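These numbers were taken from a predicted model, which means no experiment stands behind them. Here is the naming used below: chain letters follow the sequence lines, and residue numbers restart at 1 for every chain.
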Amino acid sequence: MTQNAARAEETSANLDSERLLPVLSLMWKIRLFEETAIEAQREGLVLGAIHPSIGQEAVAAGICPNLRQADLLLSTHRGHGHTLAKGADPLAMMMELFGRAEGTCGGKGGSMHIADFGVGMLGANGVVGANITIGVGAAHALKMRRSDDIAVCIFGDGAINRGPFLEGLNWARVYDLPVLFVCEDNGFSATTRTRTLTGGPGAVARAESLGLPAEEVDGNDVLGVDAAARTAIDAIRQGGGPRFLQCRTYRMTGHTAVDPATYRDAAEVEEWRAHCPIARLEGALRLAGVDEARMQQQRTEAEQYMQDVYARARDAEWPDPAQAFADVQDIGNPAERAY
Amino acid sequence: MTQNAARAEETSANLDSERLLPVLSLMWKIRLFEETAIEAQREGLVLGAIHPSIGQEAVAAGICPNLRQADLLLSTHRGHGHTLAKGADPLAMMMELFGRAEGTCGGKGGSMHIADFGVGMLGANGVVGANITIGVGAAHALKMRRSDDIAVCIFGDGAINRGPFLEGLNWARVYDLPVLFVCEDNGFSATTRTRTLTGGPGAVARAESLGLPAEEVDGNDVLGVDAAARTAIDAIRQGGGPRFLQCRTYRMTGHTAVDPATYRDAAEVEEWRAHCPIARLEGALRLAGVDEARMQQQRTEAEQYMQDVYARARDAEWPDPAQAFADVQDIGNPAERAY
Amino acid sequence: MANTSYLEAGHRALREEMQRDERVWALGEDLGRGGVFGQYRGLQDTFGDERIVDTPISEACIMGAAVGAAMTDTRPVVEMRFSDFALCAVDELVNQAAKARFMFGGQMRVPLVVREPIGIWRSSAAQHSQSLEAWYAHIPGLVVVAPSTPADNLGLLKSAIRCDDPVVYMEHKNLWGFEGEVPEDEHLVPLGKAEIARAGRDVTLVTWSAMRHASLETAEELAARGIEVEVIDLRTLWPWDRDTVLASVERTGRLLVAQEAVSVAGFGAEIAATVAETLHDRLEAPVRRLGAPRIPVAYAPPLEDRVRVSKDEIVEAVVGMTRTSPSRVPAGQ
Amino acid sequence: MANTSYLEAGHRALREEMQRDERVWALGEDLGRGGVFGQYRGLQDTFGDERIVDTPISEACIMGAAVGAAMTDTRPVVEMRFSDFALCAVDELVNQAAKARFMFGGQMRVPLVVREPIGIWRSSAAQHSQSLEAWYAHIPGLVVVAPSTPADNLGLLKSAIRCDDPVVYMEHKNLWGFEGEVPEDEHLVPLGKAEIARAGRDVTLVTWSAMRHASLETAEELAARGIEVEVIDLRTLWPWDRDTVLASVERTGRLLVAQEAVSVAGFGAEIAATVAETLHDRLEAPVRRLGAPRIPVAYAPPLEDRVRVSKDEIVEAVVGMTRTSPSRVPAGQ
Ligand SMILES: Cc1ncc(C[n+]2csc(CCOP(=O)(O)OP(=O)(O)O)c2C)c(N)n1
Ligand SMILES: Cc1ncc(C[n+]2csc(CCOP(=O)(O)OP(=O)(O)O)c2C)c(N)n1
Ligand SMILES: [Mg+2]
Ligand SMILES: [Mg+2]
């Protein structure tokens, strides 16, 4: 923590604002994408459950800009931010939430199954922890072909109590795989506080016990996440084997967009609101002398963009029902309507 | 380790030979039971695979004599020793290996599924690691009814790479359950060295990362195992929550009785033979002034006993084929031959 | 009688059984908050957090611990949230719970209930919509129950909790809000007994879970056209009520199965095969199954709908079967 | 042609495919030592430990890693040792491998083969003897293969490795030492094509895996009694070769299925139901299934034997079916 704090200060002294304005822009993009989606869900346009990451944007925005497009990302049910940060098209994603033909997955997956292989995003996942072993396998393949691309696997604090956490991290260590594990620790496993369900000191200790260098950072401080991620990613890319990063953060919404989250009190939520990762980055940029108008511009542009995304997604075509029978399998794919 | 060594020495100074002669006897019982079973398998009397624990007897004999009959034990595919040490009848066990009607499980289970609920032995298991969560559940039930009985769950070093290890230990910590986990570390996961498959420092570090007090002992030193087990069991019984013990040992046979174990060299095996846990206990007893004849007697009695067991098991009845249809379930139990 | 929802009926069943027998307890994720659908609302206040246990996200351990606790003289009710997540705990259910009593020669039993909500529900997509009852019907040692009404959810869940065998109890997510009359007094429904939900002379329509309702509505429509469909709600899939089904088909001469699950290797195949084996000469039309095509459940409604058995299909099938000359065109696969 | 064992044929298939395509690799426990049955003997020497990978005892991760690696342009062959242990990895196979291509809108494929040895074998008891092919046949997205001869194990495993879909490849443990003629040249057997292992006019006997052999032997015995049985070895259960089966029953008018798996909700039900649905009017006797009773597999031979379908039962069933008036007595359950 002290190490992080020091690094963060150092970073803030010589802030590279040209590199960070796009990060701010990305955070607004995530925030506004999800606010738009929540609003659209109220209107009945988003069809299934969505798990917003509002308040957690610094994790996605701190990690993914350090990745190449060819690096591979595996995410969770709460994956919009990661996916956007990896470079997926917001319009295609919104269309996916709306179940439309031109959605990222042709309307077949919805929020919990967004993937965009074109930008190295290998999928959200509806099963907690399942992305860990899949991510490990992707890293295994990268290593087999001597690529210096890496895999990143992001999961929640709840996932550290599932077996695949142990099996996957152990595997990554045994084969020295190029993979960064990120525990996006928002303190909750759905509606229950994770600490009441978790033995021992937590994710970092567990990762270390499995032989992985592990670090905890303030997950609402995008500069800190960025710095830690960069260090880790460089080391992994140079063949240093798997690493682990825990980012402590908080989700400002309920578990799903319709969860009123009555299991936590307003004071706690307000306290975290004061640590809003976007406001914090803006504060740092302000200190570094960045013009208020340029910052405002990031937000405004993102707002306009998402309005456009919303409108276009709303008007997009539904998938052809015949598509229900496509892409099941090559051998033994069922013929439409015949069963 | 130093702590153990000190404790072992201290113990050896005032060896309670009256308590330890039965332990020696138990170790011979285990050794000879398994030698008899291996021989019987060569003759075709043991029907399925058996996984001998020859060389590992100090684990069973160090732990189980510290248990009450009402304490609960969960074991593995390599469970003969544990089961005998918990008090199961060797004759019934041998009959089970021979598939006979009066076997522990009526001939339905065989070596990998021996259980004797009458003495608190809740089952070997054919699935590596599966006994961990079941043991945790047994401990959960004990705690719910405010019993001061405890559960003990023994598994191999290979099992620490399965998810249930993490899920089970975490669970035990979260609910503060009365359970002792014992990793019987013989260095092999079937025919592969476990260290090549295991990231990080190993079982103790993993257990500690999950919040369990954990200790490693020399698993071929029954005095050390006994002392460590006693301390742990007392603490657990007094409500101290789960604990973890790793016992390093070595199996003198192959993975199964028919595995020639060509994957390790003779020198290594010989080195371990010099650490034979039975010979070591005899050495300690000898130093403490126990009569050679009384020691020899333990072996001779066990030999005679197992000869008798063998003969009676060989002549025992086969199960009635109709028993194949018994004890499947109450509701919807199939009628014989009708399907 | 009181009007109660399917969800409330399950809630009442658990509450009553926990009051009756203190060995009964429930474990699963977020139960303290009421469970993911509210099925456990308020129960932790009543019974404390030792009997309504909030668990880590550890499906394998939830199920495994329930097995161990069931062997140790308690009666756990396991909540798996979605039957899809129970796929993280199959060893514990199938290799352990189902086989322990047998493998250990009858020394003990494993009286646990695992609640595995099934079915298609509002764009839940492929990992939250499966109906895998056929899997568990195939496994010796397991009882499989799939209630369709509030009264049955009350009476069957109570019976399941009292049963000494491991029971896979599959509520349908789309029925939580479904309301119906429920007896106010103690109400038990025996496991293994089907209900003839509607009598009819022309076609026996065997169904279970949510499909009961579409089947009954369709039967009414068909009655208006002069075709009397007998609708049998199996309620329990293992053991299934062969006698009731066979007696019905013996009368009607026609069997149609309507299931929400994938038809290929679904439980409907067991029923259709059994009827064809047993009553071949009585059949006035070939047996017939309706079920989902062998495709995953998609998110977008136009695609999701392709998985559903529609009332139109039921009508078409029934009408087809009651025509004098049965169709001979082989279906594609 | 060379005489080769079933095990050697599988070994050769993997070796040839690994030579042909460097993206193919295998992972599982103890593969460096040759695998639990010796199926991988020597392969690590040839291909190195990066392509024949010894894994931790982590079935969930073995399967999950294979899914991730298959999405990342490699072609993993997963060894599960016993199909029973694959129950520790069901989420990875059923929720992930089978559904990924569909859920993600066809962006990629998951070309993996999971070898899951099945079947009853020498007192292996309840946790090492299961045949769960029906489960996977029920899951959209999966291909299911169950070879019965050395030539098929060569040709089908090669095809499975070349297939872009996830394939559940179920070898039978009791067949490892089974020998037969195998072509010395490149030999591929197409997935989804049954083999008419023996032609016959009186009864169509559909079978797969080890039951093929008992079926063929029984057919010879019956031939001596003047009954000609057509034995169809399905080889692939999904997609199963409906056309071949239906064409055969169309000729014989009688269907018997012989399977080693539990009959209740086994894959035989799918075949019997399909035939009954499709060819009702052509049937000269009711369809019939033989399979294991719904009990776990016990250890002691007298009990283990009760699970096996015996040749006597096949004879009895065939003779029963070929009598003029088919039996009408309902079977118990
Ligand atoms: C195996 C499994 N169990 C349960 C669930 C239901 N579930 C969905 S999200 C969630 C909470 C996950 O918590 P965490 O991993 O911390 O991620 P977060 O939601 O906080 O981002 C749960 C329990 C699931 N999807 N998969
Ligand atoms: C889940 C599972 N995977 C694989 C196996 C096959 N298997 C049986 S014993 C064994 C080795 C277990 O090693 P360890 O846990 O160290 O126990 P040991 O045999 O050394 O006593 C393996 C891999 C199994 N029984 N269960
Ligand atoms: Mg969380
Ligand atoms: Mg070992």
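- The ring of D:F267 has its center no closer than 6.0 angstrom to the ring center of D:Y136.
- For the pair B:R162 and B:F155, the cation-pi test (distance below 6.0 Å, angle within 45°) is failed.
- Using a 4.0 Å cut-off between a side-chain N of Lys or Arg and a carboxylate O of Asp or Glu, D:E313 and D:R308 do not qualify as a salt bridge.
- Taking D:A60, D:G34, D:C88 one by one and counting their heavy-atom pairs under 4.5 Å with chain B, the maximum is reached by D:C88.
- Heavy-atom pairs under 4.5 Å with chain D were tallied for B:S111, B:G158, B:G110, B:G163; the largest tally goes to B:G110.
- Between chain D and the options B:Q323, B:K108, B:H255, heavy-atom pairs under 4.5 Å are most frequent for B:K108.
- In this structure, chain D has heavy atoms under 4.5 Å from both the backbone and the side chain of B:V127.
- Between B:N161 and B:T198, the side chains place a donor N or O and an acceptor N or O closer than 3.5 Å (distance only, hydrogens not considered).
- For B:D327, no part sits under 4.5 Å from any heavy atom of chain D, backbone or side chain.
- For the set D:A125, D:S58, D:C61, the count of heavy-atom pairs under 4.5 angstrom toward chain B peaks at D:S58.
- For chain D, the option among B:D320, B:V328, B:D259, B:L47 with the highest count of heavy-atom pairs below 4.5 Å is B:L47.
- D:S124 and D:S129 share no donor-acceptor pair across their side chains, judged by distance under 3.5 Å alone.
- Under the 3.5 Å distance criterion, with hydrogens and angles disregarded, no donor-acceptor pair is assigned to the side chains of B:T104 and B:D116.
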